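Along the sequence shown, the residues carry numbers beginning at 1. Model, not experiment: these values are computed from the prediction. These numbers come from the heavy atoms of this one structure, side chains and all, not from hydrogens, waters or symmetry mates.
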Amino acid sequence: MDSNPTEHKLKIEGMTCASCVNRLEKALRKVDGVEDASVNLATEFATLHTRPDVKAESLVKAVKLAGFDVAQQPIDVGIEGMTCASCVARVEKALTKVPGVSSVAVNLATERAHIEAAPTVSMADLQQAITAAGYTLIPVTSAATTQPAKAKRPDWIPVALAAMFSIPLAIPMFAMLFGIDISLPGWLQWLLATPVQFWLGARFYRAGWSAVKAGAGNMDLLVALGTSAAYGLSLYLLVQGETHHLYFEASTAVITLVLLGKWLETRAKRETTAAIRALGALRPDIARVRRNGTDSDVALAEVRIGDSVVVRPGERIAVDGTVHEGQSQVDESMITGESVPVHKTVGDHVIGGAVNYDGLLIVETTAIGSETTLARIIHLVENAQAAKAPIQHLVDKVSAVFVPVVLVIALLTLLAWGLIGGNWQVAILNAVAVLVIACPCALGLATPTAIMAGTGVAARFGILIKDAEALEVAHSVNCVAFDKTGTLTIGHPILLASVPLQITEPALLQLAASVQQGSEHPLARAVMQAQAATTANLAPSVVSNVQALPGRGISAQLGDATLYLGNDALMQEQSIATDALLDAATPYMQQGRTISWLAREHNGQRELLGMLAFGDEIKPTAAAAIAQLHSQGVRTVMLTGDNPGSAAAVAKVLGIDEYHAEILPADKAAKILSLKHSGAIVAMVGDGINDAPALAAADVGIAMSTGTDVAMHAAGVTLMRGDPMLIADAISISRRTYNKIRQNLFWAFIYNLVGIPLAAAGLLNPVIAGAAMAFSSVSVVSNALLLKRWRPQPNSK
């Protein structure tokens with residue numbers, strides 16, 4: 001194999017069996033330059049190592065000749081130089097034209113583009129398209145691992161310098177408001193204005209020229225045209241001998257205010273990404289690994305699955321793993337939102353990034369790198385923040401024609417005031433005001449900043465929203481369908497009641513535990529837990545000849561007696577009457593609970609010793625969660641494969657509006673579709689593989705992270721802890737975020753709808769227009785940041 005082979009990963013579509021894998025691997029290995037090919041049917045990925053000169057096109061061709069297809073691949077890149085919604089539209093248009101690119105979503109707030117493209121699309125192709133559009137492409141990996149380069153100088157310096165030059169020019173303008181007529185010499189005004197216009201304002205000329213070359217317009221072009229017109233008019237008047245009525249202060253003040261607005265906007269945008277930065281900061285750089293009995297500090301990247309990681313009190317856990325030795329209280333609040341420390345002991349799972357409180361833990365590593373819980377959380381939040389909400393498409397359509405329309409309005413304003421009014425100085429100033437007030441920054445920031453803030457604060461409290469569409473749809477949910485087991489209930493049986501006959505209750509539990517010890521059956525574990533908690537000083541007895549009786553129960557020899565623990569069928573088989581405890585068992589049977597009987601055979605005599613009732617316990621916050629959903633105007637439905645008695649009991653206790661029992665997975669999905677057809681906007685909540693079809697069928701799928709990965713992949717929202725109250729919280733933050741989006745879009749549009757006519761009518765001078773434009777951008781970002789004040793309902797903790 002080549003000492004430095006190139007690795008290719010292709011997502012394959014169309015494989016169904018092992019023979020497909022063999023056929024594809026054989027086809028790929030025939031391609032000249034392919035040194036190794038491995039295909040995984042489960043993940044549907046083909047991993048190839050090739051010579052550096054092998055092109056992706058040849059690999060894709062081989063896949064297609066073998067009868068399969070290659071799926072689109074996600075690419076994330078950073079884009080430098082975007083300033084407004086028009087820039088977003090131009091970048092998306094440029095990238096979409098690249099052959100092989102199927103979809104593009106550009107986020108102005110994060111300055112990133114998410115691209116779905118064929119494997120044949122190279123970074124060079126994307127770079128060429130972005131450069132031609134007038135911007136700079138920067139390859140990125142993850143906000144959690146990639147830190148922005150430090151600026152050569154503080155970013156406030158240009159703003160401070162612009163203000164230093166502009167204030168002397170602006171003082172006479174403000175003095176006129178108080179009837180004071182003062183002015184600086186014309187040559188001094190020119191000296192102060194020139195560095196602001198052509199040095200500090202050079203960024204507007206560069207970006208504006210790039211837009212012109214690309215045949216489009218943007219905010220920078222509007223600012224460059226407007227301030228140049230004011231500066232040029234002032235210079236013309238100065239050359240003509242006019243020294244009092246110059247407009248240098250207009251051009252300098254506009255540039256200063258725009259720079260100030262962009263600085264404030266940048267600072268505010270950093271706050272919207274604070275959630276990802278905070279999550280990224282949880283990951284330690286160093287892990288203490290125990291190998292061959294020796295502890296040593298190694299870089300996190302060098303830790304391997306199976307390594308024993310030592311975590312001392314007060315340290316962050318470096319990896320996902322299972323506790324091998326020790327016990328401690330662990331704070332997982334930054335990851336799961338759970339405010340109470342969780343007790344961890346041998347066999348318990350721990351999450352990398354959590355804080356170990358008071359005990360020494362030895363953790364066996366089970367996940368590293370991108371497979372850790374923390375990395376997956378960061379990836380989910382990043383994807384949600386990069387995605388484009390459906391409502392944003394309206395903004396995109398407006399932005400595509402916005403700048404050309406503004407240029408036409410400014411030209412008409414200039415001609416109308418110049419030709420009809422006869423005052424070309426006033427005409428130029430009014431046209432400048434139109435150009436400046438109309439900058440579409442706020443339009444481009446209105447939606448993404450709200451989504452970033454909303455998904456960020458939700459992640460802090462254990463609610464992971466996979467994409468912007470799920471966030472937007474969730475706000476209108478009016479029906480929530482629940483799976484029962486593991487969602488509304490704990491998900492494993494506990495001993496609800498133990499009723500003895502002829503013996504004491506501790507003796508009943510001791511005998512039941514004696515028969516069950518060593519068994520992995522869920523009911524056996526429930527018995528052992530109950531016995532340990534109730535009769536801690538009465539250990540199970542040693543039994544022999546333990547026999548599992550499939551479908552009926554279990555038997556064991558204790559001394560010269562035989563013990564039987566099982567269901568009605570076992571009792572009937574052994575001719576043991578249960579009538580004596582039937583009244584005690586009946587209420588549990590009616591609720592669909594599982595009943596087990598304990599009996600003993602001794603010297604040919606058989607006797608009943610007691611009854612055990614098992615059931616799945618309702619989660620402590622389930623009732624409060626249902627009540628909270630009802631207060632939000634949401635109807636609740638329970639879909640379960642459990643028996644009708646158990647389903648009815650849970651529905652009654654929780655106050656669920658409607659329930660359906662003995663439902664198969666396919667029936668769950670069909671019921672979801674039925675609810676949707678009736679006009680409901682449905683969210684489905686589940687945690688198991690059998691819930692995946694229903695999660696996918698719902699308008700919004702909500703998965704418990706305590707369940708399976710299949711459920712989480714099918715869902716749009718993942719709850720990082722199994723607390724039903726988080727369901728109401730997810731709907732709450734979605735509604736709050738959507739309201740912020742609507743508020744931001746209202747203000748973004750209203751600034752222009754009101755400001756442009758006022759400017760065209762001569763009622764706004766360029767300085768006021770510049771201030772309004774800068775304030776519009778800052779206001780929508782600041783409004784979005786108010787989402788950071790959102791908190792879950794108190795009883796969800």
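Side-chain contact annotation: Y205 with S228, donor-acceptor N/O pair under 3.5 Å present. Between T194 and Y231, the side chains place a donor N or O and an acceptor N or O closer than 3.5 Å (distance only, hydrogens not considered). For the residue pair R742 / N739, a side-chain donor-acceptor distance below 3.5 Å is found, with atom types taken as modelled. Side-chain atoms of S234 and Q189 form no donor-acceptor pair, as typed in the model, at a separation below 3.5 Å. Side-chain contact of E111 with Y135: a donor-acceptor pair under 3.5 Å is absent, judged by distance alone.
Nearest heavy atom pair, residue K788 against residue R460, reads O-NH1, 4.1 Å. The two residues W424 and L414 make their nearest non-hydrogen contact at CZ3-O, 3.7 Å. Taking every heavy atom of both residues into account, A760 and V434 meet most closely at N-CG2, 3.6 Å. Closest of all the heavy-atom pairs between A453 and A784 is CB-O, 3.4 Å. Taking every heavy atom of both residues into account, G755 and L764 meet most closely at O-CD1, 3.8 Å. The minimum heavy-atom distance linking L787 with A450 is given by the pair CD1-O, 3.4 Å.
Contact check for S779 versus Y751: side-chain heavy atoms found under the 4.5 Å cut-off. The shortest distance between side-chain heavy atoms of L407 and L225 falls below 4.5 Å. Side chains of F204 and T227 form no contact here, defined as non-hydrogen atoms less than 4.5 Å apart. Between Q425 and L429 there is no side-chain heavy-atom pair separated by less than 4.5 Å. Residues T136 and T131 are not in side-chain contact: their nearest non-hydrogen atoms beyond the backbone lie 4.5 Å or more apart. Side-chain contact between V700 and V717: present, with at least one pair of heavy atoms (C-beta onward) separated by less than 4.5 Å. The shortest side-chain heavy-atom distance between L235 and W190 falls under the 4.5 Å cut-off. Taking the side chain as every heavy atom from C-beta outward, P168 and L184 approach each other to under 4.5 Å.
At distances below 3.5 Å, not a single donor-acceptor pair connects side-chain atoms of S734 with backbone N or O atoms of A730. Side chain of T737 to backbone of G454: no donor-acceptor contact under 3.5 angstrom is found. Panel note: side chain D699, backbone V682; a donor-acceptor pair is recorded below 3.5 Å.
Between V106 and the options R90, H114, R112, E92, a side chain to side chain contact (heavy atoms under 4.5 Å, CB included) holds for only E92. When each of I167, V196, L192 is tested with T252 by the rule side chain to side chain contact (heavy atoms under 4.5 Å, CB included), just one qualifies, namely V196.
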side-chain contact (heavy atoms from CB on, under 4.5 Å) between K61 and K64, worked out
CA-CA 5 Å; K61 183 178 179 181; K64 291 185 176 181; 5.9 Å; no

I463 and I465: CA distance, side-chain angles, deciding distance, side-chain contact (heavy atoms from CB on, under 4.5 Å) verdict:
CA-CA 6 Å; I463 302 167; I465 299 169; 4.2 Å; yes

Assess whether side-chain contact (heavy atoms from CB on, under 4.5 Å) is satisfied between I138 and I79, documenting all intermediate values.
CA-CA 6 Å; I138 303 172; I79 309 292; over 6 Å; no

Trace of the side-chain contact (heavy atoms from CB on, under 4.5 Å) decision for D76 with I115
CA-CA 6 Å; D76 289 297; I115 304 161; over 6 Å; no

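The line from CD1 of I75 to CD of E116 is 8.5 Å long, rounded to the nearest 0.5 Å. Between N783 atom CG and F746 atom CZ the span is 11.5 Å, to the nearest 0.5 Å. Taking CH2 of W790 as the start and NZ of K740 as the end, the distance is 14.5 Å to the nearest 0.5 Å. We find the OG1-CG distance between T256 and L200 to be 7.5 Å, quoted to the nearest 0.5 Å. Distance CD1/I731 to CG/N478: 9.5 Å, rounded to 0.5 Å. Put simply, CG on L137 and CG on D125 are 11.0 Å apart, with the number rounded to the nearest 0.5 Å.
Within 6.0 Å of the CD atom in E13, the count of heavy atoms belonging to other residues, nucleotides or ligands exceeds 12. In K93, the NZ atom is not crowded: 12 or fewer heavy atoms of neighbouring residues, nucleotides or ligands sit closer than 6.0 Å. Residue-environment remark: NZ (K676) exceeds the threshold of 12 foreign heavy atoms within 6.0 Å.
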